[in-house]
Every structure is written in C-alpha cells, then in structure tokens.
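First up is the structure itself, then whatever we jot down about it.
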Amino acid sequence: MQVLLAKSAGFCYGVRRAVELAEKMVTDGEQPAMLGPVIHNSQVIEDLCNRGARLIQRPEEAKPGETVIIRAHGEPERTYQILQDRGCRVVDGTCPHVRRIQAIARDARDQGRQMVLIGDPDHPEIRGICGWGRDILVFPGPDSLCKWLGTQKNPCDLLLTVAAQTTQTREIWEVSVNFLKKQCTNAKMFDTICCATQNRQSEAVEIAAQVDVMVVVGDRQSANTRHLYDLCKDLCPRTFLVERAEDLPMDKFSGCQVAGLTAGASAPAGIIKEVNKTMSEEKILNGTVDNSENGENFAEMVEQYTNTLHTGDKVTGVVIDITPTEVHVDLGCKQTGYIPLDQLSDDPDLKPSDVVKIGDEVELFVVRVNDVDGYATLSKKRLEANKIWEVLEEAVESKTVMEGTVSEVNKGGVVVFIKGVRVFVPASQSGLPREADLNQLLKQKVQLRITEVNRARRRVVGSIRAVQQEARAAAAAAVWDGIEEGKHYTGTVKSMTSYGVFVDIGGVDGMVHISDLSWSRIKHPSELVKVGDTLDVYVISFDKEKKKISLGVKDRSTNPWEKFMETYKVGDVAKVKIVKLMSFGAFAEVVPGVDGLVHISQIADRRIDSPADCLSEGEVVEAKIIEVDEEKKRISLSIRALLGQAPAEEQEGEDAE
C-alpha cells in the first residue's frame, strides 16, 4: 500500500509571499485591507479577517491612508494611481511572474504592438494584466485564437506580442504557439508559464498515471487547482478535488492499492498535511499505508514555511525564473529570493541566462531581508567574493601561492586582481630592481604570496618578490646539488664589471672572468655581451662553502695556439690586428686567442720614438713571422721586414737596368 505525494504540492512562492505579507501585518497589529482575496482559500481569508484584516473588492473601497495589500494575481496600473490619490500605503504582493507579464504588456503598448494573452479572460490575473496594456486580446486556447485570426486580412503582417497566463497548461500554450508561428511571422512569443506551475502539473500527471485514485487539494475557484484536476482526471478517472480533509469521499476509495496526492498553489501546508493524515488514519486503501516518507516531506514543508532569513546568511536555493534584470530563486522558506543583475556577476556584458539556468541549485549571500514585502535580496557575487576573502585569509596562514593579473600601476606599486579582489603589491615587493619601470608588469599574470588581509578595511597586500625568492632558493639548491666541473648551463647575464660578467644559471650567480669570455683580447665585457643576454656557460671551478662559481664561455676544446701552429710557420706573412700599443712595441692578434709582438725596432725602417707614431689600435697590417717560441708560446713579428721588399717583377726590372 502506498501514497505518492507530489513534491511540488501546495503554495507556490508567489502565493506564499502574498500570504506571508498579510499574516505578518496582522501579527504586528496592523489592520490592512486586502484588495481581493490574497489566496483562493476561504479558510485562510477568514482567519486573516478574524485577526484584523478586511477584504475589499475595489480600490475605491480603501479608506484614506489605509494600508492595502495587492494580491499575487496583481492589479491594473490604474489601481495604483487610485490608491495613491487616496493616500494609501501599498504593499505589493504581485507575483514576480505576473509582474513580468505586466511589463511585457506595457512594452507592447509603448511599441504599438497587439498584445495577445492565452488564458482565462475572467481570471483576476488576466484582468489585472489587461490594465497594463491597450486593447489586449485574451483567448482561452488555440480554437478561439484560430477563429480570430481567420477574421484578419493579413495575419502574417500582424505585430503580435504573445504571452500566457502563469497557470496555463503547457499543452494549450504549445499548441497555440505552434499555430501562431505558422500564421504570423512578426509575432514575439514570451513563455510566461510559471515554472512552479509547470513542475506541479508535470508531477501530478506522472503520479496520476500510476495510481488507482488521485486527490487534488485546493480551492474550487483557483484556476491552478482546476487545471491540476482536469489533467489528473484525464489519466485517473477516480480523481477528487477537495478543499479540506472533511471533503474526502472515503467511500470512493475502496479496493485501491496506490493513491496519489497533490495540491494547488493556494493550498496551505497545514490543510495538505491534514488531508494526508486523514487518508492514512482511516486506512482507506484496504491496508496499512506506508506514509513515513510523505510525512517527512510534509514536516519539512511546514518547517520551511516557518523558517526566516537574516541579512548575512548563506543560503542555497533553486533558480525558478530568469528575467533580463533579475533571477528568482526558491529558498524553501517564506521569503522569495531575488538576485539583481548587478549581484550576479562582475561582467556587465553577461546575460543572467549566461550565468545560471532554471533548475540550477546555487549558493547565495543574503544582502537584505524585507519581511514587509516578503522577499530577500540575494547576491551570488557577494558570496563568491566572501569565499575569496576566506581563501585569501587562509592563504596568509598556509603561505599559498596565488595567481592574478596586474591591472594597475601607481606610485607605490602595482595592483593585482585575484578573482575580483584588489591586492596591492608595494614596489619593493614587485620583484623588479629598485629603479625598474613597473609598467612592464601591466597586464601580466603574476604569482604572489598574500602577506596581509584586513577584510574590514577591504585591504589585501601581497608580494611577488617573496615567490620569486622562494623559487630562486629552490632552484639554487638544485644547482648546488648537481653542480660539477665542466657541466654546461644556459644562463642570463645579470650584471657586468670591467673584469667580467655575472651570469644567473638558475638561482645561482657565477662569474665569467673577462679572460674566459673569449680567446680574443678585449678591453671590456660590453664588447661581447650585454645585461639580459643568454649565454651557454660551463663550470670551471666552484666552492660550495663560499658559494662561488667560476664560469667560462670560450670553447676550450679548440686551442688557438694549435690552430696557429697548423696555419703558420716562421717566414710566413700574415694579416694581423693591432690590439695593444706599449712603449716597447705593439701586440697584434695573429689568430683569435694568439697574439704576437712587433718590437718597436721592427715597426718601421727608420727610428721612431713610439709605436703610436706608425700604428693605431684596431688597425690591420701585414707582418712577417720572424720567430716562434713553442715552449713559451711567444711569436715575434716584423713589419719592417716587409717594407724593403718590392714585388718580384719590379725587383728583376731594377736589377736589369
């Protein structure tokens, strides 16, 4: 034996919000006027009237200065003006879904379009919406719609704006829309059926197809309830509509094995619970009904309706509707939740539907609770920001490395955004040299460590340098662990002096002496390299205790002296480059890495006071190799030896004369 309960049975959030508004006011001692019954349930209305509220049918019946509650079905635009003229305080309980249709009707009026509603022309919701447009047409379904279109000369040219009553059945709406799409190419369609209504109807249909008897709880005047009843009746002939437990036709339930239970949007949780209890206690299903699960659902339902929210709470809700300006969320309590567009995301170009979808379960932050109007303003952005603040606070303790993008440069440093939170990095912690231009970091992704978080002042301080130092220390440790003589590294020139350059080989700086940069004789390292250059270096020697490394660049596998010996011999003439002038002569490069001396006596065929009288550094001249000392690797050169020699043909001509 089993009772199947629809999860969506009972109050929708729009009705619940309107009822809660009225209940709070009478509880607080106010005596509001209800402009039409806030709910299609005579018991609830009677209770509210007994506690101080009163029921009026027209805005003109409101007393001057009286508080007037607008029911969930909404009212025409003119009603608000009448109440304002009478000095009344208006508490608007209009369902957000209905407000959306009112806005659609107003826009259609302003745009000169013909508004068409698919719904019950006599329903209060429809009558109210018609007061927001001009000459709105209402059709119960596709048949009447088809008949009207048949009277139009050119249906395809009609500028139609089409919406549905929030409680309309999905089948009627879809048939109507499909028909219109074929006939009217300029129609704008707005699916305004409340998702809570759709869910309720879908669940009811699913249950009705499985059970022997179906019970629908709700007021007979409620369109929502009547639609539920009609849908269930088509699938389960033994479907009964009851307003309270006393209405249950128990004599009609004999012989059933499985029963279903659902309720319209105007059915209070207490009445639903009483119906369920009566069905169970009477054992009308010819056996014991396993209703423990359903009992828990009702208990949860009642508890949800009595729960309240507070500013600063973290809540979880389900997205039930999305409009261009806000997202509606069911929080499972008496307040309705709204997420304004600016509280959904930091990106102004995103649409709400890009961030969340109907049916999504989302965590939110309660920004403000309005118990008078029965709604809560929520923020997805604030909750995510709070989570980021918690992450940042934890990062200070755990020394977690964070990543962000540099978005701003100022006199004091740079600003890095980490998931929407502004982090200031002082110039001294930027990781750049003291005089460096901080603009080179702009738009760059950087890693940093959070050093200070003050949530109250919304101040966060970070350090890029700390991460770089740690990375450098780790790299240095790896270098020292694996260093050995002759090992090659790819390094970066960090600085230079007159005697050499310092090269970073991955967290450790080594020095390349000027003599180890090249086999050629140079006066300054800047002749070959500059700061920032990448060099292939090898380890000549190192001292782990003193943390010193001697590096080399020139290729020691190629011995310049051997190259000289393979190329030249005594008596050969070579083109040499003067590299240094001394008082006693000039040094000239014969091959890269091998210099020879031109003694002052071998520079000219006359007496000179200084080599500079005939030569200059950098000059290329021809010289004769007159002596080679292999042991001491010394070469003697002579320019004078070539000055007295004439070309062979010229010499022969002179001899003949």
Side-chain angles (χ1 to χ4, degrees), residues 11-18 21 70-77 79-80 90-111 113-120 123-134 136-138 160-170 172-174 176-177 187-201 223-224 265 317-331 335-344 351-360 370 373-378:
F11 280 176
C12 67
Y13 79 97
V15 171
R16 183 170 70 241
R17 173 173 174 261
L21 286 174
I70 304 295
R71 57 183 170 173
H73 294 314
E75 287 289 328
E77 189 174 20
T79 297
Y80 293 84
V90 176
V91 176
D92 197 346
T94 304
C95 171
H97 292 289
V98 176
R99 281 209 302 268
R100 180 191 176 201
I101 307 176
Q102 292 173 347
I104 292 172
R106 184 181 60 236
D107 291 343
R109 178 193 66 196
D110 295 343
Q111 296 167 9
R113 301 179 68 87
Q114 174 63 61
M115 183 72 188
V116 172
L117 292 173
I118 308 299
D120 181 357
H123 194 277
E125 175 188 316
I126 295 296
R127 292 200 302 266
I129 294 170
C130 287
W132 290 83
R134 182 176 57 248
I136 294 178
L137 299 176
V138 183
L160 301 183
T161 296
V162 188
Q165 184 175 330
T166 58
T167 55
Q168 184 59 269
T169 61
R170 175 61 55 185
I172 290 177
W173 167 252
E174 290 182 350
S176 301
V177 166
K188 289 184 178 180
M189 310 292 185
F190 293 89
D191 184 350
T192 50
I193 296 176
C194 173
C195 59
T197 297
Q198 182 180 341
N199 292 341
R200 182 180 287 103
Q201 292 175 354
N224 177 280
V318 177
V319 176
I320 57 177
D321 191 28
I322 300 174
T323 74
T325 59
E326 63 185 11
V327 174
H328 302 161
V329 181
D330 186 356
L331 300 173
Q335 288 95 350
T336 300
Y338 303 88
I339 311 174
L341 183 59
D342 62 354
Q343 291 299 318
L344 199 59
K351 299 177 181 178
S353 57
D354 295 333
V355 182
V356 293
K357 305 296 182 185
I358 291 178
D360 284 356
N370 188 327
D373 291 336
Y375 68 86
T377 303
L378 308 172

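- Residues Ala105 and Met115 approach most closely at CA-SD, 3.9 Å, considering heavy atoms.
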Do Ile101 and Trp132 pass the side-chain contact (heavy atoms from CB on, under 4.5 Å) test, and can you show the C-alpha distance, the side-chain angles, and the key distance before you say yes or no? CA-CA 9 Å; Ile101 307 176; Trp132 290 83; over 6 Å; no

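- Contact detail for Ile70 and Glu75: the closest heavy-atom pair is CG2-CG, 3.9 Å.
- Rounding to the nearest 0.5 angstrom, the gap separating the CD atom in Gln114 from the CZ atom in Arg134 is 9.0 Å.
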CA sep, side-chain torsions, deciding dist, call: Arg127, His73, side-chain contact (heavy atoms from CB on, under 4.5 Å): CA-CA 9 Å; Arg127 292 200 302 266; His73 294 314; over 6 Å; no

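- A distance of 13.0 Å separates CD1 of Ile320 from CG of Asp360, quoted to the nearest 0.5 Å.
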Kindly indicate, with the supporting measurements, whether the criterion side-chain contact (heavy atoms from CB on, under 4.5 Å) is fulfilled by Arg100 and His328. CA-CA 11 Å; Arg100 180 191 176 201; His328 302 161; over 6 Å; no

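- We find the CG-CD1 distance between Leu117 and Ile136 to be 5.5 Å, quoted to the nearest 0.5 Å.
- Thr377 and Gln343 share no donor-acceptor pair across their side chains, judged by distance under 3.5 Å alone.
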Decide yes or no on side-chain contact (heavy atoms from CB on, under 4.5 Å) for Thr161 and Ile104, but give the supporting numbers first. CA-CA 8 Å; Thr161 296; Ile104 292 172; 3.6 Å; yes

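- The heavy-atom pair separating Ile118 from Ser176 by the smallest distance is CG2-OG, 3.9 Å.
- Annotation: the span from Gln102 atom CD to Glu125 atom CD amounts to 8.5 Å, rounded to 0.5 Å.
- In this structure, Val329 and Ile339 have side chains that are in contact, with non-hydrogen atoms separated by less than 4.5 Å.
- Remark: the backbone N or O of Asp120 is paired with a side-chain donor or acceptor of Gln165 at under 3.5 angstrom.
- Rounding to the nearest 0.5 angstrom, the gap separating the CZ atom in Arg106 from the CD1 atom in Ile129 is 12.5 Å.
- Between the Arg99 side chain and the Thr94 main chain, a donor and an acceptor come within less than 3.5 Å of each other.
- For the residue pair Arg170 and Asp191, the shortest heavy atom distance occurs at NH1-OD2, 2.6 Å.
- Closest approach of Ser353 and Ile322 over heavy atoms only: N-CG2, 4.1 Å.
- For the atom pair His123 NE2 and Thr166 OG1, the distance stands at 7.0 Å (nearest 0.5 Å).
- Leu378 has its side chain within reach of Leu331: a pair of non-hydrogen atoms, C-beta onward, lies under 4.5 Å apart.
- Shown here for Tyr338 and Pro96, the closest heavy-atom pair between the two residues is OH-CG, 2.7 Å.
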